[in-house]
Amino acid sequence: MIFTTKAVLLFAGMTLPIAAHALSLNITAITANGTGSSIFECWSLCAPLETTTQPGLVGAASSFLGEVANMTYTVTSAGFDGGDHNAPYNQWVVPITGFGIVTLPDDPAAGLYVAKDMPNGIIFAADTADLSHVGHGALFPGYTSTILLQIPTLGNKVPEHTVLHAGYCTSNDTIGLATL
Ligand SMILES: *[C@@H]1O[C@H](CO)[C@@H](O)[C@H](O)[C@H]1NC(C)=O
Ligand SMILES: *[C@@H]1O[C@H](CO)[C@@H](O)[C@H](O)[C@H]1NC(C)=O
Ligand SMILES: *[C@@H]1O[C@H](CO)[C@@H](O)[C@H](O)[C@H]1NC(C)=O
Ligand SMILES: *[C@@H]1O[C@H](CO)[C@@H](O)[C@H](O)[C@H]1NC(C)=O
């Protein structure tokens, strides 16, 4: 009886710290601060990163990103300058080829590199007109076109998250996800 109790406590003591630090995906968000300026933040999503049991991908790291409204494939030409604009609605942006630079009109020193090899490969754009007075800029300075998927969330939902830190996510905010 005593042995059983001790064994259970030991098990609980070992599992609790792991549960408290469940892995979740960190993603860069373009959002706005309290005075209506667009800013970058590194968000830690509340949805857990799990190892999937889906046939064909068994054991791969996977994070459910929530329901989405639709998906648009967009190709910008080399050198295109989109100017300052608000996110039209809350949406995921997934770069496929090429690269872009997102600028912040109220913080000229900040620039976010958007490409498939950025940390975790996906961003969330949430600086809609109700939150940000001019939004963000988008430049595509490469010599080739850039392809992006734009995926608005269903019902304009913002994924549940905590703010890990101000500024975009860096290489410090990503582990080798394939090694989960
Ligand atoms: C919002 O960001 C702008 C530019 O980055 C800054 O000047 C302003 O003080 C910030 N406002 C708040 C409430 O942090
Ligand atoms: C895609 O979804 C957004 C957000 O819900 C919506 O505003 C937009 O009209 C949709 N686009 C099309 C072509 O249905
Ligand atoms: C990562 O963290 C280290 C230690 O805090 C820091 O020196 C380094 O500048 C960070 N790297 C990036 C890309 O932010
Ligand atoms: C998220 O970022 C934190 C530190 O900023 C890091 O400890 C954690 O491993 C990151 N999560 C993933 C899944 O990359």
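Just follow the structure's listing: the first ligand is 1, and inside any ligand the first atom is 1. Count residues from 1 along the sequence. Remember, predicted model here, so these are calculated numbers, not experimental data.
- In this structure, the protein non-hydrogen atom closest to atom 5 (O) of ligand 2 is Ala69 CB, 3.7 Å.
- Atom 4 (C) of ligand 1 has its nearest heavy-atom neighbour, among Ile39, Asp107, Asp106, in Asp106.
- A donor-acceptor distance shorter than 3.5 angstrom exists from the side chain of Asn86 to the backbone of Ser132, with no hydrogens or angles considered.
- With a 4.0 Å cut-off on non-hydrogen atoms, Leu49 touches ligand 4 through its side chain and not its backbone.
- A 4.5 Å side-chain heavy-atom check between Thr146 and Val75 finds every atom pair outside the cut-off.
- A donor-acceptor pair is defined here as one N or O able to donate and one able to accept, closer than 3.5 Å; no such pair exists between the side chain of Asp107 and the backbone of Leu104.
- Ligand 2 has a nitrogen or oxygen under 3.5 angstrom from a nitrogen or oxygen of Asn70.
- Closest to atom 14 (O) of ligand 1 among all protein heavy atoms lies Asn33 ND2, 3.5 Å.
- Residue Phe99 holds its CZ atom at 12.0 Å from NZ of Lys116, rounded to the nearest 0.5 Å.
- Neither the backbone nor the side chain of Cys169 comes within contact range of ligand 4; no heavy atom lies under 4.0 Å.
- Contact of the Val58 side chain with the Thr51 side chain is not registered, since no non-hydrogen atoms from C-beta on lie closer than 4.5 Å.
- The part of Asn26 lying near ligand 4 is the side chain, judged by heavy-atom distances below 4.0 Å.
- The nearest protein atom to atom 13 (C) of ligand 1, hydrogens excluded, is given as Thr35 OG1, 3.6 Å; this is a heavy-atom distance.
- Distance screen at 4.0 Å: atom 11 (N) of ligand 1 has a protein heavy-atom neighbour inside the cut-off.
- Side-chain N/O atoms of Glu50 and Ser62 include no donor and acceptor closer than 3.5 Å.
- Between Leu25 and ligand 4, a contact under 3.5 Å exists for no N or O pair.
- Taking the six-membered ring where the residue is Trp, Trp92 and Phe124 present perpendicular rings, their angle passing 60° and hence far from 30°.
- Among Thr162, Asn26, Leu65, the single residue meeting the side-chain contact (heavy atoms from CB on, under 4.5 Å) criterion with Leu45 is Leu65.
- Counting heavy atoms closer than 4.0 Å to ligand 4, residue Leu164 contributes side-chain atoms (C-beta onward) but none from N, CA, C or O.
- At a threshold of 4.5 Å between non-hydrogen side-chain atoms, the residues Thr97 and Thr144 do not count as touching.
- Atom 6 (C) of ligand 2 has as its closest protein heavy atom Tyr89 CE2, 4.0 Å.
- Listed by number with element, the atoms of ligand 4 under 4.0 Å from a non-hydrogen atom of Ser24 are 11 (N), 12 (C), 13 (C).
- For ligand 4, the polar-atom distance check against Asp173 finds a nitrogen or oxygen pair separated by under 3.5 Å.
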